[in-house]
Amino acid sequence: MTASRIVEGDFESWHKEWFRVAERAHALADEALAAGQRIGAREAYLRASNYYCTSEFFLHGSPEDPRMLSTWKLSRDTFRQAAKLMDAKVEQVSIPYEGTTLSGYFYTAADATEPRPILIIHGGYDSTGEELYFGGAAAALQRGYHCLTFEGPGQGSVIREQPIPFRHDWEKVITPVVDYAVSRPEVDPGRIALMGISFGGYLAPRAAAFEHRLAACIANDGVHTFRFREMGQKFMAGRTDYTFEEYEATVAKIMEHHSGVRWALDNGMFTFQANSLRELAWKTEPCTMEGVADQVLCPTLVCEAEEDHFFAGQPERLSDALSCPKTYLKLTKEDGGEEHCHFGALLLFNHRVFSWLDETLKISAEPAGVLH
C-alpha cells in the first residue's frame, strides 16, 4: 500500500510516504506502552524503527537536509524503546576507537552461566546498527550466542554525527571491537566470529586477514573488490578508451532516469565524504582483497545470492582468492534467497549460517538447548 502511493523515481515521495507509515506505527507503539502492552509496544516500535530507516534511505544526496538526521534519530530512538521491552538483555555500548567511540549493542544470550561464543556483526554501504538486530542478532540469541553489533566509519551514527567516512583497512576498526569483546567476562575469547553484510562482505574478510583472534568469518555476500572505477565500466558499453570526463557525463545521464544508480552515487559520496565521482573512484580504489586474501587464516563462509544485482561474480572471486578453510553457500531463486544478502529468505539463510558456525566453532547443543 505504501509503495502504491510513491511516485516512480521520486525520492521526496518515498520519504513522505514511508514517514507517514512510521508515524502511524510509532503512535501505535506509544499507545500500547501507555496501556502496559509490552509485546505490542515492542513490535510496533520495531516496525516504526524500520519504517523511519526506510524513509531516510534516499535523502543522502543532500547531507545538509535536516530531515536526514532527524529521521535517522527517530529510527534509532524507536529501536531503543523496543530494546527496553525485549526478553533478552540489550546494552547500548561505546567501543573505544582512535580517540573517539563506535556505537554498538551487546545482546546477552539467555541463561549464560559460563563464557559463550559471540557473533560480531557489522553492516555495509548503507547500514545502521539498529537494523542489524533483524540481520542476525535475533537469530544469534535464539541459538545461544552472544551478539555484538556496531557501526563503524561510514555507517550509522559514525558518519552522521562524528562524521568519520569509510576506510578500506577495516582491520583498524575490527581490532578495537575484538578488544572490547574479549574484555567482557561472558565472552569465550576462543570462539569469536565476525559477519559482514553487503559491502561488509569485503570489510569483514579484509579485517580477518590481519585480526587473527577471529575463529570464523562470514561474508554475506562475498566481495573481492569494491572499486567504483571497475563497477562503472559496464556503463561504457564495452569501451576501454574513454576519458574520465566521458565516464562522468555518461553516469550523470544514467542517474537522471535510474534511481538505483543515483542512490549508489549519492550514498557513496556521503559515506566516503567525496565531492565528486572522480574523488569517490579514487577513495574506493584501495577496497580490494588483492594481495591480502591469502592472509585470512580462519575458516570463512562465502555467501552468494544467485541474482545479486550489486555484486554478481564477486563471491566467487573472493572464494577463489582465499587459501584458508572455506565454504561456499549459494542461495537460489528456488530458495527465495536469490536477491542481495538473501533478504527474501532470512530464516533459511540463518539456518545455513548457524549450522556452519556451530560446526566450525565445535558447538553442540545439550537436550535443553544450552550451548556448551
query: Please, which pairs that meet side chain to side chain donor-acceptor pair (under 3.5 Å) have at least one residue in residues 92-102, sequence neighbours excluded?
result: R80-Q92, Y97-R167, E98-R167, T100-Q162
- request: Please determine if E114 and R116 form a salt bridge, counting it only when a charged side-chain N lies under 4.0 Å from a carboxylate O.
  value: no
- prompt: Which value, rounded to the nearest 0.5 Å, describes the distance between L148 atom CG and Y107 atom OH?
  reply: 9.5 Å
- prompt: Will you find, in the side chains of T332 and D335, an N or O donor that is under 3.5 Å from an N or O acceptor?
  reply: yes
- prompt: Around H212, counting heavy atoms of other residues, nucleotides and ligands shown, do more than 12 lie under 6.0 Å from its NE2?
  reply: yes
- prompt: Thinking salt bridges, do R76 and E130 make one under a 4.0 Å N-O criterion?
  reply: no
- prompt: Closest heavy-atom contact between P205 and G200?
  reply: CD-O, 3.9 Å
field: Closest approach of L194 to A207 (non-hydrogen atoms, all atoms of both residues)
entry: CD2-CB, 4.4 Å
- request: Using modelled atom types only, decide if a donor and an acceptor are shared between the side chain of Q155 and the backbone of G123 within a distance under 3.5 Å.
  value: yes
query: Distance from F199 atom CZ to D221 atom CG, nearest 0.5 Å?
result: 14.5 Å
message: For R206, is there an ion pair with E171 - N to carboxylate O distance below 4.0 angstrom?
response: yes
field: Heavy-atom pair of closest approach, residues A215 and T360
entry: O-CG2, 4.2 Å
R67 bridged to E12 by N-O distance under 4.0 Å: yes
- prompt: Of the non-hydrogen atoms in P286 and Y202, which two are nearest, and what is the gap between them?
  reply: O-OH, 3.8 Å
- request: Treating Ile, Leu, Val, Met, Phe, Trp and Tyr as nodes and any side-chain heavy-atom pair under 4.5 angstrom as an edge, say whether V90 and Y145 lie in one connected cluster.
  value: no
- prompt: Can we say K333 and E306 salt-bridge, meaning some charged N sits less than 4.0 Å from an Asp/Glu carboxylate O?
  reply: no
- request: Before accepting this row, confirm whether a basic side-chain N of the pair R184/E91 lies closer than 4.0 Å to the acidic partner's carboxylate O.
  value: yes
T128 side chain vs G156 backbone, donor-acceptor pair below 3.5 Å: no
message: Using side chain to side chain contact (heavy atoms under 4.5 Å, CB included), reason through L33 and Y45 one step at a time and then give a plain yes or no.
response: CA-CA 10 Å; L33 184 65; Y45 280 128; 3.5 Å; yes
- request: Take F150 and I174 through the test side chain to side chain contact (heavy atoms under 4.5 Å, CB included) and record every step on the way to the result.
  value: CA-CA 10 Å; F150 76 95; I174 290 299; 3.7 Å; yes
task: Report yes or no: is the cationic atom of R262 (NZ for Lys, CZ for Arg) closer than 6.0 Å to the six-membered ring centre of F11, at no more than 45° off its axis?
output: yes
Interatomic distance, K283 atom NZ to F166 atom CZ [nearest 0.5 angstrom]: 12.5 Å
- request: Begin with the C-alpha distance, continue with both residues' side-chain angles, and end with the deciding distance and a verdict on salt bridge (charged side-chain N to carboxylate O under 4.0 Å, His left out) for K326 and D320.
  value: CA-CA 10 Å; K326 57 191 176 183; D320 289 346; 5.4 Å; no
Donor + acceptor pair across side chains of W356, T327 (<3.5 Å): yes
- request: Treating Ile, Leu, Val, Met, Phe, Trp and Tyr as nodes and any side-chain heavy-atom pair under 4.5 angstrom as an edge, say whether Y180 and W170 lie in one connected cluster.
  value: yes
- request: Could you tell me whether the side chain of H168 reaches within less than 4.5 Å of the side chain of E285, counting heavy atoms only?
  value: no
query: Taking the six-membered ring for Trp, is the centroid-to-centroid distance between F311 and H340 below 6.0 Å?
result: yes
query: Are the side chain of R38 and the backbone N or O of L85 linked by a donor-acceptor pair below 3.5 Å?
result: yes
field: Minimum side-chain heavy-atom gap E31-Q37 below 4.5 Å
entry: no
- prompt: Under the 3.5 angstrom rule, does the side chain of T175 hit a backbone N or O of K172 as a donor-acceptor pair?
  reply: no
query: Any side-chain heavy atom of F106 within less than 4.5 Å of one from E186?
result: yes
message: Do R227 and T288 make a side-chain contact, defined as non-hydrogen atoms from C-beta onward lying under 4.5 Å apart?
response: yes
- request: Salt-bridge test for E56 and R160: reply yes if a basic N is under 4.0 Å from a carboxylate O, no otherwise.
  value: yes
- request: Answer yes or no: are there more than 12 heavy-atom neighbours, outside L347 itself, under 6.0 Å from its atom CG?
  value: no
task: Run the salt-bridge test on K253 and E256 with the 4.0 Å N-O cut-off and return the result as yes or no.
output: no
field: Under-4.0 Å salt bridge between E43 and R47
entry: no
- prompt: Would the number of heavy atoms belonging to other residues, nucleotides or ligands and lying under 6.0 Å from CD of E334 be above 12?
  reply: no
query: V93, L102: one ILVMFWY side-chain cluster at the under-4.5 Å cut-off?
result: yes
message: Would you say H60 and N267 are linked by a side-chain donor-acceptor pair, where the criterion is simply a distance under 3.5 Å?
response: yes
message: For Y105 together with Y133, are the ring centres under 6.0 Å from each other?
response: no
query: CH2 of W263: more than 12 outside heavy atoms within 6.0 angstrom?
result: yes
Minimum-distance pair of heavy atoms, taken over all atoms of S103 and S157: CB-OG, 3.5 Å
- request: Kindly say whether Y52 contributes a backbone atom to a donor-acceptor pair with the side chain of T71 at under 3.5 angstrom?
  value: no
field: side chain to side chain contact (heavy atoms under 4.5 Å, CB included) evaluation trace for H122 with T149
entry: CA-CA 6 Å; H122 63 72; T149 64; over 6 Å; no
task: May I ask you to check whether S55 and H15 show a side-chain donor-acceptor distance below 3.5 Å?
output: yes
task: Run the numbers on H26 and Y51 for ring-ring contact (aromatic ring centres under 6.0 Å, His included), then give the verdict.
output: CA-CA 10 Å; H26 195 168; Y51 294 146; over 10 Å; no
task: State whether the number of non-hydrogen atoms from other residues, nucleotides or ligands found under 6.0 Å of E245 atom CD is greater than 12.
output: yes
message: Is the shortest side-chain heavy-atom distance between H258 and M255 below 4.5 Å?
response: no
Side chain to side chain, L132 and I197, heavy atoms closer than 4.5 Å: yes
- request: Decide, yes or no, whether a salt bridge links D10 with K16 under the criterion of side-chain N to carboxylate O below 4.0 Å.
  value: no
Any side-chain heavy-atom pair of L331 and R352 under 4.5 Å: yes
query: With a 4.5 Å heavy-atom cut-off, do Q273 and I164 have their side chains touching?
result: no
- request: Test K73 against M68 for side chain to side chain contact (heavy atoms under 4.5 Å, CB included), laying out the working first.
  value: CA-CA 9 Å; K73 284 183 176 179; M68 190 182 80; over 6 Å; no
field: Over all atoms of both residues, closest heavy-atom pair of S198 and V223
entry: O-CG2, 3.8 Å
Option among I218, L357, N220 that satisfies the side chain to side chain contact (heavy atoms under 4.5 Å, CB included) test with L301: I218
field: Short N-O contact, R213 and D179, less than 4.0 angstrom
entry: yes
- prompt: How far apart are the C-alpha atoms of E23 and R20, what are their side-chain angles, what is the distance that settles it, and do they pass the salt bridge (charged side-chain N to carboxylate O under 4.0 Å, His left out) test?
  reply: CA-CA 5 Å; E23 286 185 311; R20 286 174 57 192; over 6 Å; no
message: Is the distance from the ring center of Y125 to that of F226 below 6.0 Å?
response: yes
